[in-house]
Amino acid sequence: MKRRDVIRNISMLPIAGAMPFASLSAAPTQAYSNFDPNTDLFSELGVTPIINALVTMTFLSGSLMLPEVLQAIQSTAHDFANMYELQDKAGAKIAEMLKVEAAMVTSGAACALTIGTAACITGNDPQKIRALPNLPGPPKEVIMQKSHRYLFDQAVRNTGVKIVDVTGAQEMEKAINGNTVMALFFNAADESSITHEEFVAIAKRHRIPSFIDAAADVPPVENLFKYQQIGFDLITFSGGKMIRGPQSAGLLFGRKDLIEAAKLNHSPHECPIGRPMKVNKEEIFGMYAALKVYLQKDHQKEWQEWLDRIQFISTHLSSIPSLVAETTIPDGPANAFPGMLISWDQGQVRISPAEVVKQLLEGRPSIFAGSRKDKLSIGVVLLKPEQVAIVAKRIKEILMKAMQ
Ligand SMILES: *Cc1c(COP(=O)(O)O)cnc(C)c1O
């Protein structure tokens, strides 16, 4: 549009004082589009809604946000906020709730690993923040136990560090040198050659920050307080797992100077390594609300509800000959909540657990279950109340059919 046209168009606008108030307050969607917000978008896009009868998985969109979280997002999404202020104030409140010096909301535990590591490398130095992951000089090093190496250490290596594997306290002690920037503990590793306490003590002795990844490690709720008491400098939990905040949210908390440095390595700053891992106010308010609910809720009652669900499904299947339904509670620390393993004599009920899983997934509604050790693995903690009976009924139908 030429400048002359702009001026002409402006002159055609009613003067401000004469503009009817009603037209100012009209919602843009109603005013300018026919979009119906009640459209079933799953169906419009041809995407199958899935019942998650297993555990939280990112590829299945994590967990379902609590109604309180959706409400917190709804009630805050209509106004702008200064994201620096919101991150600071929500972080201060979260830190108070978790009894730590400082906290922040990240876009997930994986983001926390990246910006937490970045914080250990750069501190508040703007030049280093800009330079990551290509700092001059020899690569910085992060110490991990060899048995703790896992897929998510990519999120640490994103910062350009080299991971140095150690086994046992002595090797850890020896591996620390002038290039060491951090020591990372993977809480849910199958085995550890160094205990949490030893790990923290060695790191402290050498003034190296220690970081623990406890992403999937609630319940129990006490774990949200446990690792700061042991002395870890940085701790992360996912927001979108059992805390049931937004899937694109996580918590990073611990030492104040490191959290401040992590913020400098994150959005809304424009150049740092964490800029593409943006959280907006929806994640921050949503994460804050989810944590508040999680800390307040009656965990015993919820646990009993899970056991009742298992009982319901077992009872529903009890007429299937040879069927055995076991309640399992993994030792943790990850996914330490009740689930079921269901098995049967495949001579009588002629179908394998893997085939049941396939039929559950292909049926409608589509149900995501698992098979383990030739048993059907069913999780109950992510089911909506009305889905418990649906899952029980579908399993029974499939098993009954296999007996015909
Ligand atoms: C899930 C998980 C992550 C990643 O968490 P997000 O919140 O999805 O980014 C990292 N580490 C461990 C051990 C996890 O279980």
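The analysis underlying the following values was restricted to heavy atoms, covering all of them including side chains, and did not include hydrogens, waters or symmetry mates. The residues of the chain are indexed from 1 along the displayed sequence. Start at 1 and go down the list; that is how both ligands and their atoms are numbered. Quick caveat: nothing in here was measured; it's all calculated off a predicted structure.
Side-chain contact, Asn177 with Glu141: a donor N or O sits under 3.5 Å from an acceptor N or O.
Note: Phe237 and Tyr294 fail the aromatic proximity criterion, with ring centroids not under 6.0 Å apart.
Between the CD1 atom in Ile378 and the CZ atom in Arg309 there is a gap of 13.0 Å [rounded to 0.5 Å].
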Could you list the donor-acceptor pairs under 3.5 angstrom formed by side chains in residues 220-231, with sequence neighbours left out?
residue : atom : partner : partner atom : Å
Asn223  : ND2  : Asp217  : O            : 2.7
Tyr227  : OH   : Asn187  : ND2          : 2.7
Gln228  : NE2  : Leu98   : O            : 2.8
Gln228  : NE2  : Leu224  : O            : 2.9

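Taking the six-membered ring where tryptophan is involved, the planes of Phe312 and His316 are essentially parallel, since the angle between them stays under 30° and well short of 60°. Ring orientation note: the planes of Phe232 and His196 are nearly perpendicular, at an angle over 60° on the 30°/60° scale.
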Can you pull every nitrogen or oxygen pair between ligand 1 and the protein closer than 3.5 angstrom?
residue  : atom   : partner : partner atom : Å
ligand 1 : 5 (O)  : Ser238  : OG           : 3.0
ligand 1 : 7 (O)  : Ala109  : N            : 2.8
ligand 1 : 7 (O)  : Ser238  : OG           : 2.7
ligand 1 : 9 (O)  : Ala109  : N            : 3.1
ligand 1 : 9 (O)  : Ala110  : N            : 2.9
ligand 1 : 11 (N) : Asp213  : OD1          : 3.4
ligand 1 : 11 (N) : Asp213  : OD2          : 2.7
ligand 1 : 15 (O) : Lys241  : NZ           : 2.8

